[in-house]
Amino acid sequence: MEEDEPPLQPRTQIQGRVLFLTICAAGIGGTFQFGYNLSIINAPTLHIQKFTNDTWRARTGWPLPDHLVLLVWSLIVSLYPLGGLFGALLAGPFAIMLGRKKSLLVNNVFVVAAAVLFGFSCRAGSFEMIMLGRLLMGMSAGVSMNIQPMYLGESAPKELRGAVAMTSAIFTALGIVMGQVVGLRELLGGPQAWPLLLASCLVPGVLQLASLPLLPESPRYVLIDRGDRATCLAALQRLRGTTEVMVELAELEEERAACQGRRARRPWELFKDSALRRQVISLVVLGSAMELCGNDAIYAYASSVFHEAGIPQDKVQYAIVGTGCCELLAAFISSSFPWMSYLAVSCIFAFILSFGIGPAGVTGILATELFDQMARPAAYMVCGTLMWTMLFLVGLGFPFLMEGLSHFLYVPFLGVCVCGAIYTGFFLPETKGKTFLEISEELHRLNFPGQSQDPMWKGPEVIQSTEL
């Protein structure tokens, strides 16, 4: 046995390398891109507003009123989550028709088009190009935010699925930090370089286009959706770094048998199926709590929040960079003492940090673990639509909450976090170390107490089309 042990170490290294490269290739053009574009828009705020006013003056000979400049700016910001909503609706059909990996690659078409619009907007004298570019980047984020965790969750072994799921949150945080750093005045945040700042979203897209084609497709998608056993076996061997994958392949075959005779679910069908009651409720409650906890509003309105907390104006941009290094909650702060402004910043950092440890990473994998192969794309469509709608509403209402509640701004968000924690503790089943089939069976027992097996699991021998 001692002579047989040395070959196992290279296999482990190969598995770690291929899986790591898959995570990086999917993440750099996925959640990294989302976080990057979420944060870079904060730095050129004044420059884009001035450009909008100057452009209007050049066209008409009259300056644009301040309230209309603010309206155009709010549209530029809010078109990102609106595009995300459209992208989330595209993610399900993309994942089924193109596959997980190819969907991520095709998604970069939106990135390239947006980068071109951003880069030439100033030269063309068109703030409408910025608005269209933000819409396209939102669509890209909406697609990738749904397909990346689906792809990684289906590619990772069950022992590492939770850890791999957390990488989505890590890449989001890395994107936010990178966007904040690149957006500093000393780099691309100046009055002349801001078009390059917005167009820099092209770099992660090019990196993904160069690396992801070299990596395997999701083995689960290849076998269950396409029925290609040979390609599935090859993908498993590459991802695991060993030819001894027959046990895992047998588990996939068992899941495939459970899905026989069934087509892919449509999003609205999830709400009608009593066998998916617990899964849908968990997805809606925890997905809503993730966005309504107020974390993402910090990034969009960081300057205003830190200014209200008492941070000097020339130090605000560096405090904003600090938010990207953490990820959840500051309840309320007071300015009664000079040192309280810095305590406020510390609370915001702690808020964001705890968000990254919990909701940011775990919620993204829920649709992968709680739904089977036929319902998973539709579940991600529901989750993505919910996320981007909530993000839009929070971004829209946050300034009014800040004006009305002042130092008690985060008390409503605190209530949302408490409710989410209670639901997680009492109603969400544990999925760690379980196969997708074992999770489905446990959820079936919770949805139908007293029954041993769902009749839908007995189907004909031929797998039908999985088209939406």
Side-chain angles (χ1 to χ4, degrees), residues 18-38 83-85 87-96 98-111 137-156 160-176 178 201 204-221 235 239 283 287 290 327 356 359-371 373 376-388 391:
V18 173
L19 189 60
F20 176 75
L21 291 175
T22 302
I23 292 169
C24 291
I28 195 69
T31 51
F32 178 92
Q33 190 79 279
F34 164 71
Y36 187 75
N37 286 277
L38 188 68
L85 176 60
L89 296 175
L90 292 174
F94 273 23
I96 292 171
L98 302 177
R100 286 35 166 169
K101 186 179 80 169
K102 191 178 292 186
S103 295
L104 291 174
L105 292 172
V106 171
N107 187 44
N108 285 291
V109 171
F110 297 126
V111 177
M137 284 309 304
M139 293 177 66
S140 171
V143 171
S144 61
M145 287 283 286
N146 285 354
I147 294 182
Q148 178 192 337
M150 195 188 311
Y151 174 49
L152 295 181
E154 293 177 356
S155 300
L160 298 177
R161 197 166 59 232
V164 170
M166 288 299 296
T167 61
S168 295
I170 293 172
F171 275 100
T172 300
L174 285 174
I176 289 170
M178 186 62 67
C201 62
V206 170
L207 291 175
Q208 185 177 72
L209 287 171
S211 57
L212 193 57
L214 305 176
L215 298 163
E217 173 62 279
S218 158
R220 183 168 272 98
Y221 168 80
L239 287 167
L283 193 68
M290 183 180 74
E327 280 213 351
V362 176
T363 308
I365 199 68
L366 276 180
T368 297
E369 294 195 323
L370 298 184
F371 293 86
Q373 192 76 6
R376 194 170 295 135
Y380 268 105
M381 290 176 67
V382 172
C383 183
T385 301
L386 188 69
M387 185 195 84
W388 289 103
L391 183 60

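Numbers here simply count residues along the sequence, with the first being 1.
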Where [X] and [Y] come nearest, the two heavy atoms and their spacing:
X: Pro213; Y: Gln208; value: CD-O, 3.8 Å
X: Ala156; Y: Val164; value: CB-CG2, 3.8 Å
X: Glu217; Y: Leu98; value: OE2-O, 4.5 Å
X: Leu104; Y: Ala26; value: CD1-CB, 4.1 Å
X: Val111; Y: Cys201; value: CG1-O, 3.4 Å
X: Val143; Y: Gly87; value: CG2-O, 3.4 Å

Between [atom1] on residue [X] and [atom2] on residue [Y], distance to nearest 0.5 Å:
X: Tyr36; Y: Met137; atom1: OH; atom2: CE; result: 10.0 Å
X: Ile176; Y: Thr31; atom1: CD1; atom2: OG1; result: 9.5 Å
X: Leu212; Y: Leu105; atom1: CG; atom2: CG; result: 4.5 Å
X: Asn37; Y: Ser140; atom1: CG; atom2: OG; result: 8.0 Å
X: Thr22; Y: Leu214; atom1: OG1; atom2: CG; result: 10.0 Å
X: Leu90; Y: Phe110; atom1: CG; atom2: CZ; result: 6.0 Å

Does [X] reach the main-chain N or O of [Y] with its side chain, forming a donor-acceptor pair under 3.5 Å?
X: Tyr221; Y: Ile96; result: yes
X: Asn107; Y: Ser103; result: no
X: Arg220; Y: Ser155; result: no

Heavy-atom side-chain contact between Pro93 and Met381 under 4.5 Å: yes
